[in-house]
Colleague: 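One structure is given below, represented as structure tokens, and several questions about it will come after.
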Amino acid sequence: MELIVTEKDNAARRIADILSDGGAGADRRNGVNVYRWGDKRCVGLSGHVVGVDFPPEYNDWRDVEPVELAGASVVKNATKENIVSTLQSLAGEADSAVIATDYDREGELIGKEAYELIDAVADIPIKRVRFSSITEREVKNAFAAPDDLDFDLAAAGEARQIIDLVWGAALTRYLSLTAGQLGNDFISVGRVQSPTLKLIVDREREIRAFDPDDYWELFADLQQGDDEDERFEAQYFYEGDDGTENERVWDEDEAETAYEKLRGADAATVESVRRRTRTDDPPAPFNTTQYIRAAGSLGYSAQRAMSIAEELYTTGWITYPRTDNTVYPEDLDPEELLATFADTGAFGEDAASLLEQDDIEPTAGDNETTDHPPIHPTGEIPGRQDLSEDEWEIYELVVRRFLATCAEPATWAHLRVVAAANDCSLKANGKRLVEAGYHAVYPYVGSTENYVPEVEEGEELGLFDPRMEAKETQPPRRRGQSRLIETMEKMGIGTKATRHETIQKLYDRGYVEEDPPRPTGLAMAVVEAAERFADRIVDEGMTAQLEGDMDAIANGEKSLEEVTDESREMLEAVFEDLHEHRDEVGDFLKESLKADRTLGPCPDCGEDLLVRRSRRGSYFVGCDGYPDCTYTLPLPSQGEPTVIDETCEEHGLRHVKMLAGRSTFVHGCPLCKADEADAAEDRVIGACPECGDGAAGSAANGDGEAVEGGELAIKQLRSGSRLVGCTRYPDCDYSLPLPRRGDIEVTDVRCDEHDLPELVVRDGEDDDDPWELGCPICNYEEYRERQAASEIEDLDGVGAKTAEKLAQAGIESLDDLSGADPDGVAGEVQGVSADRVREWQAQVG
DNA sequence: GCAAGGTC
């Protein structure tokens with residue numbers, strides 16, 4: 001028997017299909033798919049199935065000096081045991097094996113890992129095949145002429161693993177220990193995450209150091225003939241000393257002078273007219289970075305964009321979403337794919353219109369790699385009803401990008417008019433789309449026109465409404481997630497599959513908050529401390545050097561040991577510097593951690609009020625003087641609190657913001673909130689359904705228990721939240737949630753079912769479209785149902801299809817999912833593995 | 001419990 005090993009199940013299935021001419025069957029062994037035809041077996045790994053780590057004697061952070069990790073050995077352990085055991089049991093039955101992992105460096109290393117696992121249990125020949133897209137021609141050619149594994153290339157990957165682990169672990173442990181941050185809140189650094197964080201921190205430093213300058217810009221409307229509809233805007237400009245054209249006037253007096261001149265003019269004479277034709281080329285095929293950028297402009301976070309793309313890929317609608325390639329492979333026939341779309345509803349007309357072109361020559365980007373083709377739709381086309389709204393929007397983006405790459409360039413007519421009025425120059429730039437080209441099928445990039453009429457040199461134009469606008473220079477903007485990913489790619493750090501995860505990691509570690517990501521005080525301090533004492537770890541040059549060393553290993557110029565030994569020595573040198581400044585580093589980090597949590601003076605004792613966490617895990621505001629001072633204030637229960645710069649004028653306390661993804665909100669000054677709650681009166685709206693008159697279990701029901709007479713009231717809590725709760729609290733804890741914002745009005749309309757008044761939430765007094773919340777019980781019930789459905793779809797890798805299939809299997813809420821048996825679900829729901837269910841359960845917590 | 005890289 002011959003065993004074929006691929007990097008992932010999806011590839012295994014497709015390769016089996018090609019090599020068997022569609023005749024392969026599938027067995028499930030140990031939760032792993034094994035494809036079978038003739039005397040062949042084909043199994044897919046799940047990326048790396050073994051991982052590097054230190055031997056167990058290095059496990060205890062407190063017992064081992066971090067610097068010892070610089071000299072520690074590194075071992076490999078199985079991380080996917082079911083796959084490893086399946087692979088090895090298949091190897092035991094095989095006479096030969098073929099490694100068919102991805103055609104890139106990491107694929108070679110994954111291949112070597114498989115090689116060693118096979119070699120440990122079977123003495124059989126092991127070959128290697130390479131192909132850059134899974135098409136019949138490429139795959140059959142590759143298998144017809146198998147090659148050998150490239151052990152040098154794999155060793156290059158191993159060097160990276162070792163260096164990343166040693167540097168990352170040693171410095172992470174060191175910083176965490178000196179700052180006293182063990183457990184969940186350790187302080188992590190690494191070759192990729194730390195330069196990325198420095199990128200964000202550096203931009204923040206520029207923003208903080210920015211000193212704005214005032215300037216003025218002047219405009220006037222020009223008009224040809226008498227038609228007011230023909231007016232167009234022109235901007236004042238002047239020639240600088242070096243002959244450059246300037247719009248910004250930096251001196252207010254000069255601006256006033258120009259403004260007065262414009263006000264004194266009622267006409268302008270056209271001095272020059274320049275007409276030009278510009279072509280605007282269609283975009284290149286999608287690689288991961290450009291896909292994330294395009295999805296970002298539709299409002300998707302990098303993480304969400306990748307999660308949806310992975311779902312579309314696993315269902316078979318689009319190709320593999322993790323790719324650097326921007327050149328379609330030769331065996332992709334764009335005409336054939338267009339023809340497939342031409343038969344379908346949603347994109348039929350657009351695809352058909354492209355097929356009418358004389359010849360179809362798709363665009364190509366600069367990056368041609370062997371890993372995977374650019375992201376494009378497959379020939380399998382979903383119906384609108386097969387996808388959720390988000391999935392459809394993303395799918396449409398991928399399809400339209402493919403269409404755009406097959407389309408013609410667009411043509412623009414540019415018209416530049418310069419006119420003079422009372423010694424002032426005015427200019428207008430007109431832009432008209434002559435040939436829509438790819439814009440007709442790709443509406444995501446701007447094609448806005450700017451109307452300027454056809455005027456002639458020497459023509460007199462009317463001048464109206466001169467205006468002068470005071471402006472100031474703006475600090476550089478924070479980079480959004482997709483901009484960060486593009487910059488990382490340019491800097492050469494991270495990979496297509498990890499850059500978005502690195503950014504997510506910065507969020508998870510408390511280094512950045514909000515979107516676009518803004519660094520916390522901790523992040524500023526970690527970067528600064530690293531710059532001073534361990535510069536290498538925040539330097540993108542570390543990756544550049546590593547890349548060079550990896551190339552040297554791959555082409556046999558250096559050995560793995562030479563490269564890793566040299567790196568370990570460098571790390572030891574870094575530690576000499578760190579040890580000299582141990583206390584300084586620790587104090588610096590501790591101070592910044594505390595500053596991130598400090599609100600301001602305690603009204604009782606004057607020490608600092610801090611955001612603290614109770615033993616039960618909930619957050620509150622407490623005094624640094626504890627236990628001498630026991631002053632506390634409550635915080636909302638939803639979200640993670642973060643202290644923002646805005647400060648309460650009355651109490652001198654910084655405001656608190658609660659981070660909870662889409663439900664993030666500013667809580668404000670916690671002392672103000674508590675005061676407001678103390679001053680607010682409860683508003684009674686009816687009887688408590690648990691203990692009030694007429695409630696089940698009351699004497700009125702005839703079962704002998706006492707009526708307690710509890711009533712429901714609208715209450716404001718000191719934590720800032722509002723609810724409808726029982727007046728007998730805490731004896732009765734019945735409650736219904738109410739929105740945090742808006743004025744709540746009690747109407748005269750009553751709910752028949754619950755005998756409670758309907759409520760209306762008004763956002764300010766003149767809100768004429770208020771939210772009709774209705775009966776608070778009905779509202780809560782509806783809310784719960786919506787919540788349960790959307791929570792399932794919010795899990796990573798669950799799309800509309802999967803959510804639907806899970807619902808059919810009786811899993812309709814997170815509670816259902818937590819209580820489910822993973823193997824049972826895997827058996828019942830096609831395409832969902834038990835491991836996957838366990839991951840979702842872990843996400844639910 | 002540390003990293004970064006695969007995959008999901």
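Below, chain A is the first sequence line, B the second, and so on; all start at residue 1.
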Colleague: Compare the minimum distances between each of B:dG6, B:dC2, B:dC8 and the side chain of A:Ser188, then state the nucleotide with the smallest one.
Modeller: B:dC2
Colleague: Taking CZ in A:Arg483 as the centre, count heavy atoms belonging to other residues, nucleotides or ligands within less than 6.0 Å. Is the count above 12?
Modeller: no
Colleague: Using 4.0 Å as the upper bound for N to carboxylate O, is an ion pair formed by A:Arg304 and A:Asp390?
Modeller: yes
Colleague: Do A:Glu547 and A:Arg160 sit within salt-bridge range, that is, some charged N less than 4.0 Å from a carboxylate O?
Modeller: no
Colleague: Taking only the side-chain nitrogens and oxygens of A:Thr495, find out if one of them lies under 4.0 Å from OP1 or OP2 of B:dG6.
Modeller: yes
Colleague: Nearest to the A:Lys80 side chain among B:dT7, B:dA3, B:dG5, which nucleotide is it?
Modeller: B:dT7
Colleague: Side chain of A:Arg160 only, please: which of B:dC2, B:dA4, B:dG6 is the nearest?
Modeller: B:dA4
Colleague: OP1 or OP2 of B:dG5 sitting under 4.0 Å from any side-chain N/O of A:Arg191?
Modeller: yes
Colleague: Strictly below 4.0 Å, N to O, side chains only: are A:Asp164 and A:Arg191 in salt-bridge contact?
Modeller: yes
Colleague: Any side-chain N or O of A:Thr498 less than 4.0 Å from the OP1 or OP2 oxygen of B:dG5?
Modeller: yes
Colleague: I want to verify a distance call: between B:dA4, B:dG6, B:dC2, whose nearest atom is closest to the A:Arg509 side chain?
Modeller: B:dC2
Colleague: Kindly point out which of B:dC8, B:dG1, B:dA3 is positioned nearest to the side chain of A:Asp60?
Modeller: B:dG1
Colleague: Looking at B:dT7, B:dC8, B:dA4, which one has an atom nearest to any side-chain atom of A:Glu7?
Modeller: B:dT7
Colleague: Does any non-hydrogen side-chain atom of A:Asp371 lie less than 4.5 Å from one of A:Asp102?
Modeller: no
Colleague: Looking only at side-chain atoms of A:Lys8, point me to the closest of B:dC2, B:dC8, B:dA3.
Modeller: B:dC8
Colleague: Would you indicate which nucleotide in B:dT7, B:dC8, B:dA4 comes nearest to any side-chain atom of A:Tyr313?
Modeller: B:dC8
Colleague: Can you tell me if A:Arg322 touches the phosphate of B:dG6, counting only side-chain N or O atoms and a distance under 4.0 Å to OP1 or OP2?
Modeller: no
Colleague: Nearest to the A:Phe54 side chain among B:dA3, B:dG1, B:dC2, which nucleotide is it?
Modeller: B:dC2
Colleague: Is a donor-acceptor pair below 3.5 Å formed from side chain A:Asp9 to base B:dC8, judging by atom type as modelled?
Modeller: no
